[in-house]
Structures are given as structure tokens and as C-alpha cells.
Amino acid sequence: MSRVLPAEGGLRRVIGDGDALPDGEVEGLGRDQLLALYRNLVLLRTYDERSVIYHRQGRIGTYAIFWNHEAMQAGSVSALEERDWIFPSYRESAIGLLRGMPASTVLSWWRGHPAGWWNPQDYGVASICVPIATHVPHAVGFAWGARLKGEDRVAIAYFGDGATSEGAFHEGATFAGVMKAPAILFCNNNQWAISTPVSAQTAAPTLADKAIGYGMPGVRVDGGDVLAVYEATREAVERARAGEGPTLIEAVSYRAAPHATADDPSIYIDEERVQEERENECVGRYERYLERAGVLSAAEAEEIRIDALAVMREGIASAEAEPPADVSLVFDHAYANPPPPLATDLDELRRILG
Amino acid sequence: MSRVLPAEGGLRRVIGDGDALPDGEVEGLGRDQLLALYRNLVLLRTYDERSVIYHRQGRIGTYAIFWNHEAMQAGSVSALEERDWIFPSYRESAIGLLRGMPASTVLSWWRGHPAGWWNPQDYGVASICVPIATHVPHAVGFAWGARLKGEDRVAIAYFGDGATSEGAFHEGATFAGVMKAPAILFCNNNQWAISTPVSAQTAAPTLADKAIGYGMPGVRVDGGDVLAVYEATREAVERARAGEGPTLIEAVSYRAAPHATADDPSIYIDEERVQEERENECVGRYERYLERAGVLSAAEAEEIRIDALAVMREGIASAEAEPPADVSLVFDHAYANPPPPLATDLDELRRILG
Amino acid sequence: MKELLLVEAVNDALHVEMERDPAVMVMGQDVGLLGGVFRATAGLQDRYGADRCVDTPLAEAGILGTAVGLCMAGWKPVCEMQYDAFSYPALDQLINHVGRYRWRTRGKMSFPLAIRMPYGGSVRAPELHDDSPETYYVHTPGVKVAIPSTPADAKGLIAAAIRDPDPVVIFEPKLIYRLARGEVPEGEHIVPLGKARIAREGSDVTIIAYGAMVGVAERAAEALESEASCEVVDLRSLKPLDEDGLLSSIAKTGRAIVVQEAPRVCGFAAEVVAVLAERAIFDLRAPVLRVTGYDVPYPYWQLEDAYVPSEARVVDAVRRVLAA
Amino acid sequence: MKELLLVEAVNDALHVEMERDPAVMVMGQDVGLLGGVFRATAGLQDRYGADRCVDTPLAEAGILGTAVGLCMAGWKPVCEMQYDAFSYPALDQLINHVGRYRWRTRGKMSFPLAIRMPYGGSVRAPELHDDSPETYYVHTPGVKVAIPSTPADAKGLIAAAIRDPDPVVIFEPKLIYRLARGEVPEGEHIVPLGKARIAREGSDVTIIAYGAMVGVAERAAEALESEASCEVVDLRSLKPLDEDGLLSSIAKTGRAIVVQEAPRVCGFAAEVVAVLAERAIFDLRAPVLRVTGYDVPYPYWQLEDAYVPSEARVVDAVRRVLAA
Ligand SMILES: Cc1ncc(C[n+]2csc(CCOP(=O)(O)OP(=O)(O)O)c2C)c(N)n1
Ligand SMILES: Cc1ncc(C[n+]2csc(CCOP(=O)(O)OP(=O)(O)O)c2C)c(N)n1
Ligand SMILES: [Mg+2]
Ligand SMILES: [Mg+2]
């Protein structure tokens with residue numbers, strides 16, 4: 001079970017550091033689940049690192065890096081059932097991989113190709129939300145709607161520390177509380193909104209404290225500790241399923257990479273702190289935990305990494321093999337019954353493009 | 001000094017009920033101030049009661065009744081200095097009266113006559129805000145801006161319980177906390193937003209609890225107790241002036257009248273509870289307090305009521321004496337430098353109106 | 001057929017559609033127990049329960065944002081915005097999500113939500129209870145817009161909006177909620193989106209209008225009876241727009257006036273004029289004039305009659321195009 | 001005169017105006033230490049301090065809402081919205097307050113705020129970094145709108161916006177932030193609102209455009225050189241609109257094309273066409289065509305070149321009006 005370390009601002013942790021803090025364990029997580037978690041972490045890490053390279057190679061466009069956010073994503077998704085829905089932001093662009101989405105789909109999204117837009121029903125993963133916090137009410141509406149239909153589904157929305165300043169977060173959270181929606185509001189507090197530190201974002205002592213304003217529990221967890229994230233999410237899921245309503249989880253981490261490929265954090269960030277974070281990053285921390293517990297051998301780890309690399313190799317190859325999108329896709333799908341001028345527009349455009 | 005009565009949900013009270021709860025007193029409030037407060041209460045009450053009658057007589061339009069809200073308005077305004085600014089909602093439409101605004105101005109507002117629109121600088125009273133909660137950021141911006149200019153000015157925004165669900169409230173409060181704005185967010189929790197009870201508005205245990213999410217103190221006070229409101233506001237003002245930032249005050253009261261003249265609360269309200277409230281309404285409570293303290297005689301009270309009635313008689317007479325607004329006022333004042341078509345539009349309209 | 005007020009027809013449509021389709025739900029401020037501040041949703045909560053007729057918190061972006069999620073869970077929410085000018089906090093959800101989400105799923109998911117709101121002025125109300133915000137909605141891709149001017153159309157367009165798999169916004173002219181009375185078909189009744197209505201036939205000039213302005217146009221046409229034969233076209237649906245219907249009227253009359261209550265710049269009248277200038281320029285025998293609200297804030301209500309297009313202004317415009 | 005990129009000219013304008021007037025402050029997300037995601041505000045915080053160049057919380061309605069209050073306290077805030085599509089949460093403040101508050105005080109108080117934002121597409125960006133939202137702004141009474149297409153105009157219009165006692169919105173075409181380079185007057189430089197610019201003289205047809213579309217129009221005009229003499233009018237200011245400038249061009253050419261990147265319905269091109277149909281109908285010898293974005297969500301970026309008006313589409317439209 002996780003412990004709360006008051007010295008670290010009430011953060012829950014399971015993974016120790018070997019010396020000062022002994023490792024804990026999470027009830028019900030056996031060897032297979034522990035390894036599955038590791039697999040997911042490595043898949044996300046590999047996705048992220050390869051994407052930065054693909055970007056440098058000009059094979060994908062601007063890309064929002066999620067290095068050191070993998071524990072928050074993999075840990076929380078592992079606590080869900082397949083029937084539960086995920087509402088990601090751009091920071092969780094590849095979270096669908098944990099639900100069987102091909103890497104090529106996500107890569108296509110970052111390549112600006114229509115093949116990157118999926119059917120949320122196929123994976124229980126909503127579309128990537130770009131405008132900050134606006135998907136919080138979507139997740140809440142979904143959870144509330146599922147409950148009204150008598151379906152046992154939880155919805156989880158991912159958003160950042162900066163997102164908690166938006167009105168959309170507030171209104172979504174307010175609805176969640178009032179409707180007792182089986183929703184989890186998962187805040188990735190990486191302590192930066194582009195160049196804005198969380199201290200300039202809010203005067204609240206912690207982001208979890210905001211929960212009280214919505215009549216829901218607020219939980220703080222070490223976002224670099226995949227087991228603590230898993231456990232905190234599992235508890236929130238249990239509450240949701242039991243009809244006890246939503247939970248706000250604040251997972252505290254640190255953005256040790258640029259906001260996105262276009263960003264140069266050297267102007268604003270504390271490089272020393274970044275270095276510390278990099279040394280304590282979430283995948284390595286879990287790897288060392290598994291090694292200490294004798295669950296993971298170096299050979300297994302290597303195999304898992306190789307598998308993930310293969311997924312990415314295959315992913316980028318398929319994404320690049322996508323035929324150029326037909327111009328009709330400019331017009332398709334916006335409406336089920338499109339207003340008549342759109343057909344005329346397409347004809348005209350085809351004529352001009354020749 | 002006020003006491004917190006846990007039995008009443010942590011509400012601060014000064015005025016007792018004569019038997020079970022003895023009267024308290026507020027440091028620094030002498031006879032003159034106590035009477036001035038009473039004068040203000042009676043002025044507002046008279047304004048409100050007359051306005052309902054004027055509405056029935058067809059002399060003003062739809063009117064938002066503030067019966068039993070007078071203690072919140074008079075108590076808090078009395079804790080301000082003239083240089084502090086007030087940002088009212090429609091529920092505080094007549095709050096300018098406490099700053100020397102003629103009753104005719106406010107009555108003109110409810111008559112839809114341009115004479116009802118004032119210069120906020122004349123009274124330190126911003127325009128009446130109709131869209132819920134949207135003036136919270138205005139007050140915060142004003143307070144922040146005044147501080148940046150090195151001026152010692154506090155801003156107070158009034159809004160309802162329903163308003164706390166709006167994104168605008170959240171964003172305004174967030175800015176207030178971060179900028180340490182000398183602002184007071186004064187929530188009139190009359191427990192209804194038209195027909196929606198506060199229990200359907202939020203799952204938060206109390207509205208004051210929302211303050212923690214903005215890193216500011218949240219204070220609960222009995223909104224029917226003018227002295228407790230005064231004292232709580234004075235403390236918030238002191239904090240603001242001392243550079244300690246904003247305060248959220250939740251003044252708990254009950255809307256014992258319709259939302260507005262167009263509303264029929266019988267469909268949704270608990271008539272018994274309304275009856276109780278009416279018996280314990282805020283002006284009478286204070287009157288009895290003053291009588292117990294020997295500060296107010298029946299003759300004085302009568303004189304104050306007569307004065308207030310005279311103000312209203314004069315007010316409605318001047319409002320009704322306003323000449324019909326000239327059609328040019330449709331176009332004036334929207335811009336300092338209007339786009340050219342507006343002048344053409346006015347000429348054309350004058351030609352057509354003949 | 002029953003004679004109903006326009007607001008009663010709205011209520012009737014909601015009753016019929018909720019009865020017909022258990023996925024339809026109504027949500028908004030005070031729509032439940034109170035039945036809406038205009039009583040447009042009266043009786044729905046009693047009949048379909050508080051889960052299908054929901055009193056929401058006071059948070060418009062929350063209403064429209066959760067409605068998007070409700071669609072994803074299989075519901076067809078009908079969101080009431082209490083008044084025109086109070087719908088603006090939800091514009092972000094409208095533009096960035098409601099109009100785009102179907103496209104994002106490449107047509108795999110539908111967002112069959114409807115938004116309805118009372119709109120327009122002339123009701124002697126305090127500030128911001130009188131806006132005509134249709135431009136903000138109609139300019140938004142992925143969103144359709146309809147505006148009835150009669151009780152029967154109110155019922156039929158709301159039903160069409162609810163059944164349409166795309167998001168549809170219905171603006172209800174609040175001025176005529178209880179002024180417009182007319183026969184309304186009982187039970188299911190649909191007025192398809194995208195079909196204008198000839199409110200009055202004529203041959204000299206076409207007056208194009210929608211919402212409460214249709215009545216103004218009709219009265220102007222009547223006043224002009226001895227001078228000119230005015231055709232009055234009630235657009236009913238702004239997107240999709242019945243371009244062919246418009247063009248055939250202009251082919252006949254060669255002259256057009258477009259009446260709208262909203263401020264002029266980029267109002268829907270501009271769109272109508274632009275369509276005519278693109279597709280009917282050689283039919284036009286006179287300038288196309290717009291009679292609109294002005295590009296200033298909607299005024300103090302004692303002056304609102306000078307702001308809202310009046311019969312006199314329409315008559316004046318018709319005379320000008322006839323003289324041109 | 002210095003040669004500057006468009007984004008450098010924006011930065012220059014802010015430096016000059018902040019230096020000149022101590023009441024000017026800049027606020028927005030990441031405008032301070034970082035100098036803005038496009039570096040438009042680079043150096044301002046260093047020079048004028050964190051109180052006059054403020055990194056705000058991530059809350060657009062909070063930015064614009066507190067700016068209203070800052071005006072009341074005597075400041076002249078210049079609010080940056082980080083991107084076009086992220087300005088929508090502030091529309092409520094814009095419509096219900098920014099555009100109305102001066103009127104509410106009967107002209108006694110000014111709200112001299114400016115809003116600036118990068119806008120438009122073709123930058124190969126993820127969803128919602130490519131909107132052209134000018135209609136939402138220009139349709140709003142009490143609000144003025146300008147859109148530069150050259151570095152000199154960017155500087156001059158921003159300065160004019162900051163000095164204007166009315167709220168002014170400046171849309172900065174982000175595509176040409178670093179593509180447009182040109183001479184920019186040093187020190188104080190004002191381009192008055194309400195004056196269009198003849199970007200190219202011609203006599204057969206007038207191509208009306210603004211923002212990044214001016215370049216498209218110019219290239220189309222060049223491509224058509226052997227076929228037709230095209231005049232290109234850069235509107236620069238959408239409200240106030242230089243109607244007289246437009247009319248004199250049309251009086252000369254008798255033919256007009258209006259180019260806009262935004263979706264067509266109720267876009268600003270419709271307004272321009274409507275003005276021509278009202279005031280220049282007898283000068284027009286051909287249909288007035290609009291070349292615009294389509295009424296669908298701005299697409300996946302691999303397809304954006306098919307969405308944004310291209311030289312080829314403008315050329316085609318010109319040929320059609322010449323053939324009419
Ligand atoms: C409504 C809105 N405003 C602004 C932006 C531009 N923007 C993109 S990411 C970002 C910072 C977000 O910070 P945070 O919420 O902490 O999430 P993180 O990126 O750290 O995961 C901003 C301001 C946006 N996408 N949406
Ligand atoms: C943004 C917005 N939405 C809806 C309304 C319509 N409306 C007017 S008063 C009201 C209820 C407000 O309740 P509360 O905030 O508790 O204030 P009270 O009226 O009780 O003082 C509503 C919904 C509005 N004015 N503004
Ligand atoms: Mg962050
Ligand atoms: Mg209330």
C-alpha cells in the first residue's frame with residue numbers, strides 16, 4: 001500500500017529509493033501485472049523518444065513531448081477496465097497505444113494526416129483535446145450519461161496543472177460533483193504550463209486542494225511512481241463504480257523536457273532541477289524497483305525494449321505508407337447531412353486542382 | 001466581536017436573539033455608526049419595497065427584488081472607504097444609494113431609460129452586471145490595477161451562490177489569488193439561483209470552502225446579521241490593505257421573495273421556510289438589536305423610515321420627469337471614434353422617424 | 001390541429017420528441033421543476049423524470065461541454081440557454097468541439113445535440129436579454145441554425161433539430177412566444193431544415209426575413225399594398241440555406257431587401273446579400289438593401305423600438321429599391 | 001527605416017508604445033520571461049518589469065475580464081491570446097463587456113484595451129492552431145478590428161490600436177510572421193484605422209483581401225498579368241471599413257473578388273459583398289465572387305493547402321468574373 005510522505009507535501013508513494021525509503025507493494029498486483037505495467041511504460045517511453053527523433057528527421061510535425069509522464073499515463077490506465085473511457089489532452093496523445101491503437105494512428109495525427117483521426121468507440125479513447133481543459137466536461141458528461149444509461153463505465157480526463165485555471169475545468173468539475181459522475185479528473189502537475197510555473201498559475205496550496213470546491217476527494221500522488229499512480233487511480237475507480245462520485249487526482253511530476261518540439265525551455269527553466277528529474281525519471285525508477293523485487297531481468301527488459309522499438313518501426317513505416325489524403329476529406333464528415341454548397345465547393349475545387 | 005456558531009454551520013454572528021444567544025458587539029462601532037447602518041438598511045429596504053409597488057403600477061419594468069439582502073449590502077459597504085470600488089450584480093442594483101447615487105438613477109435603470117446609466121467614477125460603483133459572475137474578473141482587475149498604480153483601493157464584487165459555478169468566477173478568483181489583488185469576493189448565498197437550490201449547484205460542503213482552491217481565506221457569515229457582515233468585511237478590507245490579498249466571503253441568507261417580479265417561486269420554494277425567514281428578516285433583526293441596546297427609539301426609527309420614503313418619492317418623480325431619450329442615444333457612446341456608417345444610420349433613422 | 005402559442009408549440013415538440021425517443025434529454029438552468037423561465041419545458045420533468053429533464057448548475061460551458069460527453073454516451077441532449085446573451089460562455093465549446101467532433105471521428109460518431117434559446121429584443125427587458133447572436137452560430141462550421149416565426153414551424157424545426165444527426169441551434173423569437181398563435185399539427189411534426197417559406201407572394205420586390213422580423217416584413221408588405229407587390233420570404237433555416245428558393249423569388253422580383261434584428265456587420269443579411277450578388281447579379285435591378293440592428297450595443301429599452309428594424313424602416317427601404 | 005520581419009515589427013510596436021506611455025501593459029500566457037510563443041513580446045518584461053509585462057494564469061476569460069478592470073483602474077492593457085482558437089473562452093467577456101462597457105458609462109469611461117493574436121493557417125500545426133475568427137470579433141458592436149499584411153502595417157496598426165480609446169483587436173497572420181519582411185519606420189509609427197491600401201493598381205477587376213490572403217491575391221494578380229489588369233486592395237482595417245476606398249476601386253474596375261481564409265458563411269467577405277451590393281450595384285458588371293475557406297472545420301494539415309484560398313482559386317475566380 002502507498003504511504004503518504006508529509007515531507008514531500010503529502011505525496012503518496014509506493015516505490016522506495018532502496019535506502020532511505022523501503023519499497024512498498026500494491027495489493028493484488030502480481031508478477032504478470034507488474035511486468036505488463038513495465039511493458040506499457042517502455043512502450044510509451046519508446047514512442048516518445050522515437051517521436052522526437054522522427055520530428056528532427058522531418059517525418060512528423062510539431063510534437064508535444066511526454067518524457068517522464070509515462071508513469072502517470074500507464075499507471076492510471078492500468079487501473080481502468082476496457083469499458084472505461086479515456087479523454088486525453090495532447091500530452092497523452094499516445095495513450096491509445098495502451099488500448100491497442102496502432103502507433104501509426106498516433107504518428108499520423110502528428111503528421112497531420114486524416115489516418116490519425118480515430119473512432120473513439122474503437123478504443124474507448126476520445127479524440128486528442130488541444131484546447132486546454134475543454135475536455136473535462138466531455139469526460140464528465142460521458143460518465144454521467146453512462147450512469148444514466150445504467151452502464152458501469154468510468155471516464156478519466158487528463159489535463160495539466162495550467163488547465164486547472166480554465167473555466168472549463170471548473171465547470172466540468174462542478175458538474176461532476178453535482179451529478180456524482182463516475183469520473184476521474186487526472187491532473188498531470190508537471191509544474192509548468194509552457195513557461196509558466198505552477199506558482200504563477202494559482203495561489204492554491206496544492207492542486208488537489210481544489211477538489212473541496214467541488215465536493216470530491218482530492219488525492220496527491222507522486223507522478224513518477226507508477227505504482228502509487230496505479231493504486232490511487234484504482235481507489236478512485238472503485239469509488240466511482242460504487243456510486244460515490246468523482247475524484248480529483250493530482251499527480252506531481254516535473255516537465256524535464258521541452259513543452260513541445262518547438263519550445264526552448266532554456267529561457268525559463270531551472271536546468272539543475274531538470275537534471276535531477278532526469279536522473280530520477282519514472283521508467284528507470286520502476287525498472288530499479290522491479291530489479292530489486294527480482295521481477296525483471298536485464299534480458300527481459302532488453303526484450304521489452306526491442307519489442308517497443310519494433311512497434312515504432314512498424315508504426316512510422318505504416319504512417320508513411322498512408323496514401324496522400326484525397327481532397328474530398330476536406331469536406332467529408334463535418335456533417336452527417338451536409339448543406340448543399342459543400343458538394344459544389346468540392347466539385348469546383350477538383351476542377352481547379354485539375 | 002462575532003462568534004462562530006458551529007451549530008449553524010460555522011456562521012459568524014454578532015446579533016443575538018435576546019434569549020438563547022446574547023447580543024455581541026463590534027469593536028469601534030459607536031452609536032452614530034450603528035444608526036448610520038440602520039439608516040442604510042432602511043433606505044435599501046424602502047427602495048426595494050417601493051420598487052415592487054412601482055413595478056405593479058407599471059412605473060418600472062421587471063425588477064430583481066433584494067428583500068432580506070439589505071444586511072449583506074449595507075453591512076459590507078459600510079466597511080469600505082469612499083475610494084474603494086463596488087462591482088454589483090443586478091441583485092445589488094441600488095447599492096449606489098449608499099454612495100450618494102440618486103434613487104432616480106437606479107429607478108431609471110429599471111425603467112430602461114438612459115438616465116439609469118451612470119459614470120462609475122462618480123460613485124466608485126461599477127455598472128450593474130447582468131451576466132452572472134462576469135464582473136468578478138473586473139473587480140479583480142481593478143484591484144490589481146490600483147495596487148500596481150500604488151493606490152490604496154479595495155474592490156468588492158457581489159454575486160450569488162449560483163455564480164460560483166461559472167467559469168468567470170473561477171478565473172476571476174484564480175487571478176485574484178495569483179495577483180494578490182486587494183479584492184473581496186462577496187457571495188450572497190441566498191440559496192437559490194432562480195429555481196435551482198444551492199444543493200443542485202455544487203457538491204461543495206460550503207461555498208466558502210471554494211476559497212482554498214484560490215489560495216485565499218474563505219469566511220462564512222450570517223447574511224442576515226448586518227454587524228457580522230460588517231465585521232467580516234472589515235477584516236477582509238484590512239487584509240487587502242495590508243497586502244495580504246483577496247478574501248472570499250460567503251454570506252448565508254435566504255431568498256424569501258421571488259427572484260424577480262416576473263418569477264413565481266410557489267412552483268419550487270418551501271413556503272414554510274420562507275415564512276420563517278420573513279419573520280427573522282434582517283432589518284427587523286437589527287432593529288430589535290438596536291432597541292435592546294437602547295440605541296434606537298421608535299420615534300427615531302419612524303423618522304428614518306419617513307426620510308427613506310421621501311427619497312423614493314423624490315426618486316420616482318425625477319425618474320418619471322426624465323424627458324424621453326433622444327434617438328441619438330441609440331448611437332452615442334458605443335465608440336469614442338465611431339465607424340462612419342453610424343452617423344449615416346442616425347441620419348437615415350431621423351429621416352424615417354420624421 | 002390545435003391552436004397554440006409559439007412557446008406552447010416549443011413545449012409540444014419537446015414532449016413529442018421525448019416520448020418518441022428515450023435517448024432525448026433536456027438540460028439547462030431552471031428547465032426542470034420550474035419548467036423554464038418561459039415555461040418552454042413545462043411538464044417535462046414531471047413526465048420524464050429529473051434524469052431526462054435536468055436542472056443544471058449555472059454554467060453554460062458546462063452545459064454544452066457535458067452535452068458533448070452525453071452524446072458520446074448515447075444521449076441526444078437538448079440544451080436550453082436561458083437567454084441569447086447568456087449563451088456566450090458556451091461559444092468555446094460550440095466552436096472548438098460541438099462543430100468539430102463528428103469530423104474528428106471521421107464521421108464515426110454523431111453529436112445529435114440541439115441547442116435552443118429565446119432570442120431577440122423588444123421585450124422591455126434589462127440589458128442583455130435582447131441579443132440576436134445567430135451570426136456567431138451560423139459562422140461556425142459543423143453547426144446548423146434554424147429560426148422559426150410561427151408556432152407550427154417552431155414545433156417542426158425543433159423536432160427536425162432533435163432528429164438531425166448534426167448539432168442544430170434553434171433560436172426562438174421571444175417577443176412572439178406569446179404573441180404568435182397558430183394551428184399546429186398534433187403528434188409528430190417535422191419541418192425539414194433548409195426550406196424557406198413564402199410567407200406572402202408578390203412580384204415587385206422580395207423581403208427576406210426570419211424570426212420576429214417576418215411579422216415586421218409582412219406588416220410592411222401590407223402597408224405597401226397600394227404601391228408595390230411585396231413577396232415575403234421567411235428563411236426558417238439559416239444553415240442550410242434555401243438558396244434555390246431565394247433565387248427563384250429574386251428571378252421573379254429582381255429586387256431584394258433583407259431584414260435582420262442583429263447588428264449589421266457580418267450579420268446573416270450580409271450572407272444572403274452575398275449569395276445574391278454571386279448567383280443572381282444579373283437578375284438584380286436595384287441595390288440590395290439591408291434593414292438591420294445597428295452596430296452598437298442593443299440599447300436601453302426605452303429606445304429599443306428605434307433600434308429594432310421597424311415596419312417604417314422596411315417600407316422606406318422598399319421604396320428606395322423601387323425608386324432605384 | 002529598418003528591415004524587419006512582421007513579428008519583429010509587432011515587437012517593435014510594443015516596445016515603442018510601452019516606452020511612450022507608462023499606462024500600457026502587456027498581459028497573456030507566456031508573454032513575459034519567454035517573450036511569447038512567437039517571441040512577439042520578447043524583451044518587454046526585461047525592460048518594463050513583470051508588473052507591466054505579465055505572465056497570466058491559463059485562463060482567457062480571466063485575461064480579458066481582468067483587462068476590463070485594469071482599464072477602469074487607468075491601465076491600457078494589451079492582451080495576447082496565444083492562438084486564434086484559444087481566444088474563444090474570452091468571447092463572453094468580449095461581447096458582453098468589452099464591446100459594451102463604454103456605452104454603459106454613457107461614454108464617461110474608456111476601455112482602451114487591445115487584443116492581439118496570431119491567426120490563420122498553412123503552418124502545418126496540430127488542430128486548432130489555424131483558425132481565422134475575425135467574424136466573431138467584427139460582428140461584435142463596440143469592438144474594432146484590424147489585420148495587417150506587412151511589417152510596417154503591423155507596427156502601425158498595433159500602435160493605432162493601443163492609442164485608440166476604443167477596444168481594438170489585431171489579428172496577426174502567423175503564416176507570414178517570419179515570411180513577410182519589409183521596411184518599417186523607426187520610433188513612433190501609426191497607420192490609422194479605417195484606411196485600405198492599394199497593394200497593386202489595376203483596372204479590370206478588384207481583388208479585395210486582408211492578412212495572409214493579400215499575398216495570395218498579389219500572386220494571382222501577377223499570374224494573370226497577361227490576361228487582366230488586377231487591382232489588389234488590402235483592407236487592413238475591417239471595422240472601421242474603408243467603404244469609400246472600396247467603392248472607388250469598383251467604380252474603376254466594375255468587378256470584384258473578395259478573398260478570405262475564414263469559413264464562408266457570414267465571413268467578412270460577405271460583409272464586403274453586401275456593402276458593394278448596397279452601394280455599387282450599378283457599377284458591378286459581373287457577379288461578385290468570394291474565395292474563402294469552406295464551411296467545414298479547418299482540416300488535417302496535410303490537406304490544409306486545399307482548404308486555404310490558393311492563387312489558383314483566385315485566378316479561377318477572376319477568370320470567371322471576367323467571362324461573365
Ligand atoms: C484554451 C487554450 N489556451 C491556450 C493554449 C496554448 N497552450 C498549449 S499547451 C499550454 C500549456 C498547458 O499547460 P498545462 O495545462 O500545465 O499542461 P502541460 O502542457 O504541462 O501538460 C498552452 C497555454 C491552448 N492549447 N488552449
Ligand atoms: C451567464 C448567465 N447565465 C444565466 C443568466 C440568467 N439568470 C439570471 S439570474 C440567475 C440566477 C442567479 O443566481 P445566483 O447567482 O444565486 O444569484 P441570485 O439571483 O440568487 O442573487 C440566472 C440563471 C444570467 N443572467 N447570466
Ligand atoms: Mg503542466
Ligand atoms: Mg442565489
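Below, each value reflects all heavy atoms present in this structure, side chains not excepted, and no hydrogens, waters or symmetry copies. Protein chains get the first letters and strands the later ones, always in sequence-line order, with residue 1 at the start of each.
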Over all atoms of both residues, closest heavy-atom pair of P205(A) and G215(B): CD-CA, 4.4 Å
Side chain, backbone, both or neither of F175(A) within contact of chain B (heavy atoms, under 4.5 Å): neither
Side chain, backbone, both or neither of Q201(A) within contact of chain B (heavy atoms, under 4.5 Å): backbone
Minimum-distance pair of heavy atoms, taken over all atoms of I212(A) and D209(B): CG2-O, 3.5 Å
Donor-acceptor contact present, side-chain H170(A) to main-chain T164(B), <3.5 Å: yes
Considering all heavy atoms, the nearest G213(B)-A204(A) contact: O-CB, 3.3 Å
